Structure formats: structure tokens, C-alpha cells
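I have placed the structure first, in the form of C-alpha cells, so that the comments after it can refer back to it.
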Amino acid sequence: MYGIVVAINVGIFAILALSVNIITGYAGQPNLGQASFFGIGAYTTAILAGKYGVGFLPSLIISGFIAGIVGLLLGLASLRVRDDFLAITTIGFNFVVVAIFQYVPFFGASMGLSIPPLKLFGYPVGYVGLFIIILLLMLLVILFTKRMERSWIGIALVSIRNNEEAAESLGIDTRKFKVISFGIGTLIAGFAGSVYAYYMGFIMSYNFQFMTSITILSMAVVGGLGTIAGPIIGAIVLGLAPEIFRFVSDYRLLIYGAILILMMSFQPQGLVGDGSIFANIVRKLRPKTSGVDQ
Amino acid sequence: MFLQQLVNSIVIGSVYALTAMGATLVYGILRVLDIANAGAYAVGAYIGMAIYALTGNLFVSLIATLIISGAIGICLEKFIYLRLLDKPSIVPLITSIGVFIFIEDLLRLLNGPYAKRFPAKLPFSGIQLSSVSIPATWILVMVVTAVLLFILWYILYHTRIGLAWRATAQDMETAKAMGVNINLVVALNFLLGYGFAAVAGSLIGIMYNSISPTMGDTPAYKMLAIIVLGGLGNPVGTVLAALIIGLVETFLGGYIGFFLPRDAIAFVALIIMLLIRPKGLFASNNA
Amino acid sequence: MLELKDIDVFYGKSQALHNINISINEGEFVTIIGANGAGKTTIMKTIIGLLKPKNGSIIYKGEDITHKESWTRSQMGIGYVPEGRRVFPELTVEENLRMGCYNIKDNAKIKENYDLVYELFPRLKERKTQLAKTMSGGEQQMLAIGRALMSSPKLLLIDEISMGLMPILINASLNVLKQLNEKGLTILLVEQNAKKALSYAERGYVLQTGRIILSDTTESLLSNEQVKKAYLGG
Amino acid sequence: MEKRLFSVISLLLIALMVMSGCSGNQQPQQTQSSGQQEQQPSPSGEETIKIGFFAPVTGPAAADGESALNSAKLAVETINNAGGILGKKIELVDYDDNFKAEQAVSIAQKLTTSDKVVAVVSGSYSNPTRAAAPVYQQAKIPMVSAYAEHPDITKAGDYIFRQSFVGPIQGRAGAEVAVKKLGAKKIAVLQVDNDFGASLVEGFKERVAKLGGEVISVDTFQLGEKEFTPLLTKIKNENPDLIYMVAYAVEGSQIVRQMKQLNMTVQLLGTEGIDATKEFFGVLGKDVEGLVFTTNLNRDDTRKVTQDYIKNYTEKYGFAPDMVGASVYDSFMVLAEAIKLSGQATPDAIKDGMYKIHDFDAVTGVITSYNKLGEVIKPVQVQTVKNGEIHFFDEITDMEIIAPPDIQ
Amino acid sequence: MILQGKDIEKSFGGLKALNGVSFELGNNEVLGIIGPNGAGKSTLFNIICGVYSPTKGSIHFEGKNITGLKPHDIARLGIARTFQIAHAFRDMTVLDNILTALGIDEYNGIVSMFKLAKKSDTVESAMSYIELLDLKDAANKKAGELSLGMMRRLEIARALALRPKVLMLDEPCAGLSYDDADEFINLISMLKGQKISIMMVEHNMNVAMRACDRLVVLNFGEKIAEGTPNEIQNDPLVIEAYLGKEE
């Protein structure tokens with residue numbers, strides 16, 4: 001059971017890491033406020049399911065969409081700023097969203113919000129059930145990302161990350177695609193938030209603070225931005241780290257900090273990113289394919 | 001009450017200015033958002049307290065704090081930041097967050113999680129007017145901030161190395177070709193950047209008579225808002241932005257009332273400003 | 001005085017300079033001409049140390065400076081006027097000039113150099129408290145040259161004196177250089193405007209796509225058809 | 001070369017992490033308090049009663065986390081030195097939740113499944129405790145929350161107990177003290193903006209109104225706030241008879257200091273949040289003279305349990321214990337009592353035992369009993385600071401005030 | 001005539017980078033824009049491609065006024081461009097670089113942008129451009145690993161994959177060796193055979209003279225000459241602008 005709970009945790013964060021990966025990894029737009037969309041999703045579910053008794057699927061879907069719409073708006077606003085300014089704008093957004101959750105009584109303010117245990121078709125869904133739901137969701141996100149990677153939008157996003165000017169010159173409306181990437185990435189974070197709300201049964205603004213954004217982004221970066229395996233591996237490594245290092249409980253945060261520093265200093269492209277040691281090994285082992293999709 | 005709030009806001013603004021100055025200096029030269037600077041803030045408070053306990057001399061402890069933390073900053077620069085400069089900006093940012101987490105937790109392990117006292121005896125007493133009271137520690141904060149900012153201003157605008165700093169911030173390559181030893185400028189930059197943050201931490205410790213390992217948490221992020229408002233890498237703009245935030249926070253929070261918590265005000269201001277003037281309030285044209 | 005031996009420079013994987021050999025004697029006025037993209041700026045940056053050659057060595061006054069930092073080279077007496085002037089936009093004229101003599105500690109000497117520069121370019125004196133970014137292109141060029149002269153250089157490197165300047169200003173600038181050269185300053189001028197450069201310098205190199213294709217006195221280069229071809233094709 | 005070496009090292013580090021992750025599941029780490037290892041025979045399998053514990057030992061609440069852990073270790077040591085319960089020693093299985101709700105949930109799973117504890121004490125705040133409570137309820141492992149305030153915690157079910165007063169009780173008690181004992185009519189409230197602050201102030205406002213007083217303003221601040229002068233300046237201008245300060249130690253100490261700096265002499269009424277030896281009284285020293293506060297630990301309590309606890313803690317750790325520590329300590333003592341009462345150390349027996357507790361002599365006062373919801377019924381202590389020491393001021397025993405909410 | 005610029009003026013701050021420049025690009029013509037450094041060539045180029053909008057004047061493409069359109073709209077109309085500093089997508093393979101251009105019709109719709117990019121017909125079509133520019137061996141290499149010459153060819157291949165009516169080349173030979181430049185001239189004549197009009201800014205006069213049908217010479221933001229390479233080579237104004245005046 002403990003294993004499953006840890007796996008649920010890792011799974012939720014893997015979905016989140018995959019979601020920020022679409023914005024930061026593929027489209028190349030720094031986003032240090034992903035936890036706010038995670039929070040928007042969770043709060044939407046808490047309000048729908050907790051206050052209005054809405055069922056699982058509608059809550060999940062509405063939560064995702066509300067997060068995605070807010071994400072689209074932030075994406076639109078972010079067109080005015082770039083690079084470091086954009087990074088700080090997203091940080092600021094995170095602080096403001098958390099402040100709103102913390103202060104506005106509708107969002108439970110300082111008392112937080114409770115979510116009734118998840119039931120499907122009248123039966124309570126335990127941790128195992130939740131884990132399956134999360135696995136399914138993660139699978140969907142992976143499939144979606146894979147599809148995206150192989151379709152025109154994926155090509156457009158990566159080209160924007162590489163060189164905006166050149167992408168424009170090839171008929172790619174870079175502004176539109178940046179906004180879309182924000183919309184999709186935040187939509188997925190909203191889904192993750194919804195499931196998280198059911199899993200925790202109780203949420204507070206504290207859970208969606210800026211540090212959570214950093215955790216999410218660190219997972220994607222440590223694993224390898226712009227890949228699918230990367231954010232998942234990152235979520236596993238950094239998600240398990242606090243559990244694994246329980247035996248040195250006093251030094252856990254210290255080790256966490258050290259992992260971030262060492263990884264960024266010596267493998268800044270992430271564990272499986274382009275040019276990392278693992279990626280090179282895999283590249284050598286894998287036979288060359290033409291990569292044509294029929 | 002208005003006067004009292006005005007004094008409050010100046011004290012708060014001074015603290016912000018000093019705290020954000022370190023990050024501004026680092027950004028000015030290296031273009032790295034240095035969250036670890038807030039770690040220096042906490043480290044500085046502990047070093048300051050330890051040296052004050054040893055020597056009993058406030059002046060000595062502040063100077064020593066500046067130098068020791070500055071040296072730590074130089075080590076960070078040499079061993080960690082310098083090798084990351086050609087990487088995407090997200091890499092040094094995450095590294096600096098890693099450093100920040102590391103420093104904070106190291107402080108907890110070394111000093112315990114409890115807040116400690118930093119009872120400094122000041123050679124002067126507070127001012128008491130009919131409606132305004134200014135405690136001695138506030139005077140200390142304002143005076144030290146003013147002195148440090150004056151020294152910084154003097155260095156930047158009236159010394160050779162300050163000239164080199166400004167030239168390097170504008171065009172590192174040409175500055176190099178003009179004979180500026182960039183390594184030295186960058187080292188000085190970190191010395192001052194981390195030194196200032198450390199002194200700010202010490203002052204805060206004295207002002208609140210309390211230091212704790214997590215004291216850098218709030219400054220770490222608020223200073224980001226301030227340095228952006230100040231035009232990223234512009235020292236003068238940063239001071240102005242810090243004072244403005246001090247004013248706005250005090251009067252919105254304590255006078256008029258605002259629907260969001262005080263710490264959110266800086267970020268609301270930041271977002272509004274970025275949408276109107278994306279390069280910061282006091283951005284220079286070449287930034 | 002300065003010797004480049006078998007220099008190869010790469011930008012990533014592409015080679016920008018092939019086997020460059022140049023030597024300049026004390027007191028000479030040498031020019032490197034060539035069309036845009038030929039690698040002139042690359043040579044300059046290599047000499048001042050902003051780019052590191054992959055192969056070859058640079059000898060200055062008998063000392064191997066290939067692995068020395070830029071600032072050391074500047075301290076050794078190499079002055080540099082970068083392409084596009086690159087004055088510090090947010091510094092005043094006076095501060096820009098002060099940057100030029102960054103490593104001179106003797107105040108009297110600094111004063112002397114200020115006087116020298118202000119005498120050469122009275123316009124700079126008039127505008128000494130103005131920010132460099134507010135000045136016109138020609139004034140910025142004067143400032144860039146003045147800044148390089150502030151270091152009392154033994155060797156002056158000038159990258160593209162003519163770029164974006166009105167012809168009358170180009171002549172004025174070149175006249176100044178000629179004057180300085182006559183007083184004993186060694187000058188290496190990289191220039192696109194071949195005729196201008198050749199009519200002032202004593203000796204010239206012709207650079208094409210990263211290679212030296214000609215090297216001769218300026219008189220013979222002026223009458224050499226190959227020079228015109230290097231520019232106008234044919 | 002150097003670069004390559006370092007990347008190999010960092011990769012090894014990560015590989016190590018992954019591997020230890022695989023083995024970590026089968027062999028849960030069980031920490032024992034270091035001080036007790038020599039004194040007692042190493043507990044093995046059947047012989048011990050395992051009690052789980054979690055607290056925020058790292059992260060922003062590390063100070064309370066350490067106080068809690070210190071007392072947990074002391075409690076186990078005390079019980080074991082007295083011969084254990086039912087002839088068995090207690091084994092402490094403690095974890096750090098890093099002040100994170102997610103970690104509290106995985107710890108709960110770990111404690112209930114792989115560690116197989118028979119009962120758990122939460123030494124953490126509301127957010128982690130509230131999130132973990134349903135897990136314990138579902139696993140049918142009794143949990144005693146030492147000092148978390150959120151009213152929903154005990155609603156998780158019949159296996160969940162609370163050792164501290166639910167927020168509104170202390171708020172009501174505060175109102176009694178403010179209006180009746182301190183004679184305040186106009187009261188300003190300064191409140192930390194979280195569940196603790198909100199629930200206390202709720203009870204306070206309601207009771208003040210009933211007693212004929214008036215709350216003239218409520219100002220809130222964030223956890224971690226340092227600068228209170230803007231708010232205090234505003235309150236000073238309102239000229240209240242009393243300030244009701246619902247804050248934690250770090251923020252509370254700043255409020256007191258900054259009031260001094262602004263020459264504010266108005267009477268201050270605090271709550272158990274400030275009842276922290278080092279963080280509050282240690283930082284303030286003499287500045288805090290005359291403060292009155294509601295809490296659950298009466299330092300002047302002449303009963304032996306209280307005096308022994310204060311003495312032993314001070315000897316062991318070098319500083320006096322606080323309310324967080326006392327509550328954690330009592331939580332263990334209560335569990336031990338429940339085991340004794342039911343004569344069995346199984347989770348169900350402990351749960352039943354908890355409901356049987358009656359007039360139990362705890363460090364934090366005599367516990368009348370636990371109600372059906374699992375809320376403790378005990379008097380509220382009112383303390384004051386005199387000559388730099390904490391002394392008895394009053395005790396609120398009126399059932400109208402101290403009756404916790406119950407299952408309807 | 002396919003592309004026309006009328007009286008284009010552009011100021012940056014107070015500085016006039018272009019002053020009343022007009023040009024016409026005929027169908028199936030190769031027009032070169034030359035001039036010394038700082039003459040305003042790149043500015044003109046960027047105005048046509050939509051990076052800047054002109055202070056005055058207008059651009060017409062197939063009779064339509066396209067002044068002030070965004071770069072991606074201009075690309076969609078059929079004007080492709082390359083860049084002076086190589087702008088290949090360095091993290092992407094050569095094949096993916098070309099695919100980027102082939103998606104031009106799919107980027108507009110939310111549904112169509114999720115269509116698979118690497119269908120066999122698109123890959124085939126991409127490969128044809130790759131082969132055209134002789135990059136076949138590098139098709140699966142990352143663009144960042146290519147030499148400069150190959151990168152420039154990649155950029156041209158990518159621009160061609162837009163199937164443009166007008167191809168704009170910004171200093172296509174900067175930094176190339178002799179051989180590469182020779183190849184480039186062959187390429188231009190081959191493209192002419194495919195009914196593409198080409199406009200190029202070029203510093204390498206050798207190339208400009210040999211590749212272009214007509215040249216427009218700019219100096220200090222103004223047009224100083226226009227004509228066939230032969231006429232230009234002997235125009236005293238041009239010679240003066242380039243080589244300088246002899247004293």
C-alpha cells in the first residue's frame with residue numbers, strides 16, 4: 001500500500017512534469033508557475049465535488065479546462081515579455097494565485113477545502129483505483145505528447161524553441177503556438193490537480209506554492225526537457241528521493257539541493273536529454289530507423 | 001499616523017533595497033536570476049551574530065559578515081555559476097534554487113531549527129516625537145543601508161573598478177579588450193552582491209532580534225519582483241523600486257486595506273507593470 | 001612587432017580563418033582589406049584575444065601571447081577600435097575615454113592622454129558629459145578611436161573605420177591615423193573600403209574567404225586587378 | 001576529464017538512489033531515539049509495541065517539529081524506563097513530513113502497512129495531519145493529533161483523536177479572559193491567516209459578543225511575516241483596550257517587539273501558538289512582561305507529572321519545553337493509558353481504550369475524557385509572564401466554554 | 001513583375017536607414033541587392049519579409065499590398081527567406097528542419113496541426129528537397145552538427161520546401177569557401193529553371209555578379225545604381241562606393 005501511495009505521488013508529479021514540459025521543454029517558454037494551474041485544477045474539483053457534489057469525470061474535465069483557459073490567458077499576456085521577464089512573470093502569477101486561494105473565502109481561504117472520497121458508479125475508489133486512474137491519465141498524456149511530438153504542432157513548437165525568427169519565416173504563427181502550448185500544458189496540470197484533490201481529500205493554498213512549481217520544473221529539467229521519458233524519469237528520481245532518503249531524514253533536503261546542483265552542473269541537459277550520458281548510450285544501442293509514420 | 005507609516009515604509013524599503021541589491025548586481029553582469037542570494041541573507045545573519053558574540057563590536061561584525069559572505073559568493077561563482085553561463089537561463093536558475101535549498105538546510109543542521117536572538121547593543125537610542133517613534137534599530141537599518149548604498153554608488157560612479165563594472169555590464173567583450181580583467185570584476189560583483197545580502201540579513205536579525213534558517217524564504221522571491229520592477233540589473237532602479245514597494249505595501253496594507261496579503265502586493269505590481277512596460281520601470285535602453 | 005603564425009580560427013565547426021600569416025614591423029601602417037565576410041573582424045578579435053585560435057601562435061614584441069587574456073594584451077600596449085565602434089552607450093564620453101586608459105595609474109599620464117585626444121577630436125571635448133548613446137555615428141567613431149588612444153598604445157588595431165561614416169569623416173579619421181603613425185604609432189587597419197585604406201597605409205594584405213590571397217606594398221596593390229576582383233568579382 | 005568524472009559520480013549517486021528505493025520498500029527504516037539505545041535492550045519483533053510518529057523536522061516548521069520529536073523521544077523513554085506497558089517496551093517509529101501533506105500521506109501508508117504500528121501520534125500541523133487522518137481511519141489505526149487545530153481532522157472517523165483543544169474552545173476561553181478578567185471592552189484582533197487563526201478567532205468573536213465586548217477590528221497576516229508596524233500603527237490609532245493576538249511564536253515575538261518599539265502599552269492576550277520556549281520567550285526575554293495567554297500547559301501546575309516532564313525535558317535537551325512538546329508527550333501518555341485500560345496493544349483495543357479514559361492525569365491538565373468525535377475535554381490554562389517567568393493566571397473549566405464539538 | 005517596392009523609407013530613432021528606395025523584381029528574375037556595409041540592404045530585406053514595417057512606402061506582391069503583414073503571413077503568401085546568420089533549427093534533424101516548412105498548410109487549423117507530420121509522402125517530399133541540395137547523407141543528423149556550408153544549403157532547402165514564388169536570400173554565401181560559392185551559383189541557375197524569382201543580398205561580389213540578372217546598389221540608404229552586372233561593374237559611382245575614391 002505504501003508503494004502505491006508513493007507511486008500515486010510520483011505519478012501525479014510525472015503528469016505535472018510532462019505538462020510543464022510542453023510549455024518549457026517543447027515550446028521553450030520558461031514557466032515557473034505551473035503549480036498555480038495544478039492548484040486551479042485542484043480547487044475547481046474541490047469546489048465542484050465538495051460543494052456541489054459533481055461527479056468525478058465532469059469535475060476532472062471542467063478542472064482541466066478552467067486551468068487551461070487561465071493558462072491561455074497567461075499565455076496571451078506572456079507574449080509581451082520574454083526570457084527572464086517571462087520567468088519572473090510566471091513566478092509572480094503563482095504568488096498571486098496562491099494569495100487568492102489563501103484569502104478569498106469562496107476558496108476556503110485559510111481553512112482549505114475538503115473533497116469527499118472518490119466514488120465511481122457508487123463504489124468507493126481506493127488508492128489502487130486512484131493509482132489506476134492516474135496511470136491511465138499518465139498514459140493518455142504520454143500518448144498525447146507522443147502524438148504531438150510527431151505531428152505538425154510538435155514540429156512547430158520545437159522550431160519556435162530553436163529559433164523564433166526562422167519559425168516565423170516558415171509560416172508558423174509563433175504567437176499562436178506559444179499560447180496554445182500554454183493552454184495545453186496548463187490543461188494537463190489542471191487534470192493532475194483534479195486527481196490530486198481526490199487523492200488528498202483536503203487541499204490548502206500551501207500545497208501549490210512557488211516551491212511546488214520549482215519541484216515540478218526541476219523534475220522536467222533533471223530528467224531532460226523536450227523528451228517524454230525525461231520528465232517521467234525526473235519525477236521518479238526527485239519524487240522518490242525524499243522517500244529513499246528517509247533513513248537520513250535529517251539530511252534529506254540537503255541531499256535534494258545537492259542533487260539539483262550536481263545535475264545542473266554536470267548534466268544540464270537532463271538524465272535522458274540530448275547529449276546526456278544515457279541518451280548517448282541509448283543512441284548507440286538503437287538501430288537507425290527512418291522514422292516514417294504510415 | 002501618516003508620518004509613522006511613512007517612516008515604516010522607508011525602513012521596509014531600505015531593507016528591500018539592500019536585499020535586492022545583491023541579486024541586481026549579479027544579474028547586471030552575469031544575467032543570472034540568483035535566488036541563492038537569499039541564502040547569503042540567512043548565512044549573513046548567522047555569521048553576523050557569531051562574530052558579534054565573539055567581538056561585541058557591531059561595526060566589526062558587519063564588515064566581517066560582508067567579507068566572509070562575499071568570499072562564499074566568490075566560491076559559488078567560481079565553482080558553480082561560471083560554468084553554466086552558456087547554458088539556457090533555466091539551468092543557472094534551477095542551480096541557484098538548489099544552492100538556496102542546500103544553504104538553508106545546512107544552516108538548520110548547524111544551528112538547529114529554532115530562531116535565535118541577535119541582541120545588539122546600539123550606541124544610540126531611538127527617537128521619540130509626539131506622533132512618530134523611531135526605534136534605535138530602525139535608525140541603524142536606515143543608516144547602514146544609506147551608507148552601504150552610498151559606498152556602492154561611490155564605487156560604481158567614482159572609482160576605476162566601478163567604471164569597469166558599468167562598462168562590463170554594458171558590453172563585456174569590449175570591456176575585456178579595453179584591458180578590464182573580467183575575472184576581477186565578476187569576483188568583485190559577487191563579493192558585493194553576497195556581501196550586501198549578508199549585511200541585509202544581519203541587519204534584519206538585529207532589527208527583529210531574531211534569526212532563523214528559513215529567514216531567507218520571503219526575501220528570496222520578493223527580491224525577484226523588486227529587481228524586475230527596477231529594470232533587471234539596474235542598481236539605481238532597484239533602490240527606487242524597493243522604496244516604492246515599501247511605500248505601497250505599507251499604505252495599501254496598513255492604511256487603506258487590500259484584498260490580498262502584503263507579500264502578494266509586490267507581485268501584483270510586478271504583473272501589472274510588466275504588461276504595461278515589459279522592460280521594467282527603470283529599464284535602461286540597452287538592458 | 002606583431003606576428004601571426006599559421007593561425008586557424010573556427011566558429012564551432014566552420015573554419016573562419018585558414019593559415020593566416022601576418023607580420024607588422026614597428027612604426028608601420030598596415031592594412032588588411034577584403035570584402036565583407038572575408039574574416040577581417042575575426043583576425044582582429046584573434047589578435048586582441050576575444051577569439052582563441054585553434055592552431056598557430058601570435059607573437060607580440062617577441063613574446064608569445066597566444067594564450068594570454070585580452071586584458072593582458074591591452075596592458076601590453078595593444079589598442080583596439082572594435083567593429084561598429086562599440087562605445088559603452090550608458091557611459092559619458094569622458095567615462096568612455098577613461099575606460100580606454102583603464103590600466104594607466106599615473107594621473108599625469110591620463111591627463112596628458114585626455115589632452116591629446118581632445119586636441120585630435122575637439123568635438124569630444126565639447127560633449128564630454130554626454131552619454132555615448134546620444135552621439136552621432138561619426139562622433140561615436142571618434143570616441144572609439146579616442147578611447148583606444150587613451151591607453152597610449154604601441155600598436156593600434158582598427159576594425160572598419162569607414163563603416164556607416166560619411167566619406168568626409170572617413171578622410172578626417174584616416175588623416176588622424178596617418179598623423180599618429182607619423183609620430184611613431186604602429187597601426188593595423190582592417191578595412192572594406194580598399195582604395196581609402198590603401199592610399200593611407202604603407203603595406204596591405206588582401207583577405208578573401210578566410211585566406212590571405214595577396215600581400216604587397218599599397219602602390220602595387222592599388223594597381224592590381226586582383227584586388228578589384230576580390231571585391232567586385234569578374 | 002574532471003567534468004567526466006563528476007558526471008559519473010552524479011550518475012552513480014542517482015543510480016544508488018534508485019536502487020535504495022527498490023530495497024527501501026521491504027526494509028522500512030525505523031529510527032529510535034538515540035538517547036535511549038543504551039538504556040534499553042534493543043526491541044525485537046514481538047516484544048515491543050510500535051507507535052508511529054510524524055512531525056515537520058525539516059522545512060519551514062522545523063522548530064515545532066524538533067520540539068515535537070524531542071518530546072516523543074522523551075515520552076517513549078519515560079514509559080520504557082518505568083518498565084513499559086503490559087510488560088512490553090514501546091518502540092518509536094518516527095518520520096519527517098517536511099511540512100508537506102503529500103509526504104504525510106505516504107508516511108501514513110508506510111506506518112500502517114509496512115511498519116505495522118498499533119497507534120500513531122501526529123506531531124505536525126493541520127495540513128499534513130488533516131490529509132493523513134483518513135488514511136489512519138481507513139487502516140483502523142488510532143491516531144492522536146497532538147496540536148493540529150483544523151476542526152475537520154477528527155471528523156475523519158472514530159479512530160482519530162485530538163489532544164489539544166479544537167480552535168473555537170480556546171477562542172471562547174480567550175474571550176472570557178479578555179472581557180471578564182482583563183476588563184476589555186474594545187478589542188482589536190491580530191490573526192495569523194491560517195486555520196489555526198481563523199478557528200480561534202471564530203470562537204473568540206462569538207463569545208466576546210455574548211459577553212458584551214466589541215471586536216473593533218480584525219487584521220490578518222501571513223505565516224512568515226516579519227513587519228507588523230504598518231498594522232500595529234493602524235491598531236494603535238484605533239486605541240483598543242486589548243489586542244487579541246493569534247499568532248505563532250516567530251511572528252508573535254515580532255508583534256510584541258514592534259509594539260514595544262511603537263510604545264504601545266495596551267494589554268496583550270495571546271494563545272497557545274506563542275507558547276514556545278525558544279522561539280518566543282527566549283527571543284523576547286523581558287520584553288514580554290505582563291503578557292497573558294491561553295494554552296494547555298500550566299507551568300505552575302504542582303502535579304508531579306507536569307513538574308517531572310518539565311524537569312526531565314530541561315535536563316535532557318537543555319531548555320524548557322513548550323506547549324507543542326507537552327501536547328506530544330501527553331499524546332503518548334494517553335495512548336499508553338489506553339493500552340493499559342484495555343489490556344491489549346492492538347489498534348482496536350487502543351481505540352476502545354481511548355474512549356474509556358477518564359480523569360487522566362496528563363501534563364497538560366486533567367483530562368476529563370474524550371468525546372465521541374475524539375475531541376479531548378480538559379480545562380484551558382491561562383498563563384501570564386511575571387518577572388520573566390511563566391506563571392498561572394487562571395484556569396477555564398466552565399463546560400459551556402470547554403465542551404468540544406461532538407457527533408450530533 | 002512579381003514583387004515591387006515603392007518609395008520605401010525607414011527610420012530607426014532619428015536615423016534614416018532607407019530613404020525612398022524603389023525596386024522591381026520581375027518574374028523568374030534573379031535580383032541582387034548590393035552595397036557596402038551599412039547601406040541599408042538588410043533593412044530593406046527585413047521590410048520585405050515583414051520583420052520591420054516601413055516608415056513610408058509600400059511593398060506589393062503579385063499586385064497585392066503586403067506592407068505591414070507579419071512574417072508568417074508573408075511566408076504563407078509565397079515569399080520564402082533565408083537568414084544572414086544561419087538560422088537552422090539546431091536541435092532538429094535535417095529532415096525535421098525541412099518538414100517544418102512542409103507543414104505550412106497545416107499550421108492554421110487546430111485539428112490539422114495534430115495530423116502526423118512524418119507521413120511517407122511528406123517525408124518523401126522532404127527528402128526530395130534534401131536531395132536537391134545534396135544533403136542526403138546528413139538527413140538524420142542534427143542541424144547543429146552540420147558545417148556552415150551545409151547549414152546554408154539546409155536553409156535554402158527549407159525555404160524551397162515552402163514552394164515559394166519568391167525566394168529571398170540574405171547573404172547566402174557569407175562565410176562560404178570558393179567551392180561552396182560555385183555550387184551556389186549552379187544552384188541559382190537551377191532554381192531559375194524552376195520558375196522561382198529570387199532576390200538576394202550578397203556581399204560576395206563574385207557571386208552576385210555571376211548569379212544575378214540585375215543588381216540594385218544601395219549606399220547610405222539610397223539607391224545609387226541599378227542595372228546588369230556588367231553595367232554595375234563599370235559604374236563609377238559604384239566603384240567609388242565600394243573601393244572608395246582615390247585621392
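On a predicted model such as this, the values are computed, not experimentally measured, just so you know.
Looking at D:Gln222, the atoms closer than 4.5 Å to chain B (heavy atoms on both sides) all sit in the side chain, from C-beta outward. Only the backbone of D:Leu284 has a heavy atom closer than 4.5 Å to any heavy atom of chain B. Residue D:Ser253: no heavy atom, backbone or side chain, is found under 4.5 Å from chain B. At a 4.5 Å heavy-atom cutoff, B:Ile101 makes no contact with chain D through either its backbone or its side chain.
Between D:Ala63 and B:Tyr114, the shortest heavy-atom contact is O-CE2, 3.3 Å. The nearest pair of heavy atoms linking B:Ile12 to D:Pro230 is CD1-CG, 4.1 Å.
Here CD of B:Glu104 is found 11.0 Å from OG1 of D:Thr58. Values are rounded to the nearest 0.5 Å. Between B:Ser133 atom OG and D:Met264 atom CE the span is 10.0 Å, to the nearest 0.5 Å. Note that the CG atom of B:Leu3 and the OG1 atom of D:Thr233 stand 11.5 Å from one another [nearest 0.5 Å]. One finds the CZ atom of D:Arg257 at 8.0 Å from the OG atom of B:Ser210 (value rounded to the nearest 0.5 Å). B:Thr214 contributes atom OG1, which lies 10.5 Å from atom CZ of D:Phe99 (distance to the nearest 0.5 angstrom). A distance of 10.0 Å separates CD in B:Gln4 from CG in D:Asn237, rounded to the nearest 0.5 Å.
A heavy-atom distance below 4.5 Å is not found between the side chains of B:Thr250 and D:Glu227. The side-chain heavy atoms of D:Asp64 and B:Pro113, taken from C-beta on, include no pair separated by under 4.5 Å. No side-chain heavy atom of B:Thr218 sits less than 4.5 Å from a side-chain heavy atom of D:Lys226.
Side-chain atoms of D:Gln261 and B:Thr137 form a donor-acceptor pair, as typed in the model, at a separation below 3.5 Å.
At most 12 heavy atoms of other shown residues, nucleotides or ligands fall within 6.0 angstrom of atom NZ in D:Lys205.
Put simply, of D:Asn263, D:Ile235, D:Asp193, the one with the most heavy-atom pairs under 4.5 Å next to chain B is D:Asn263.
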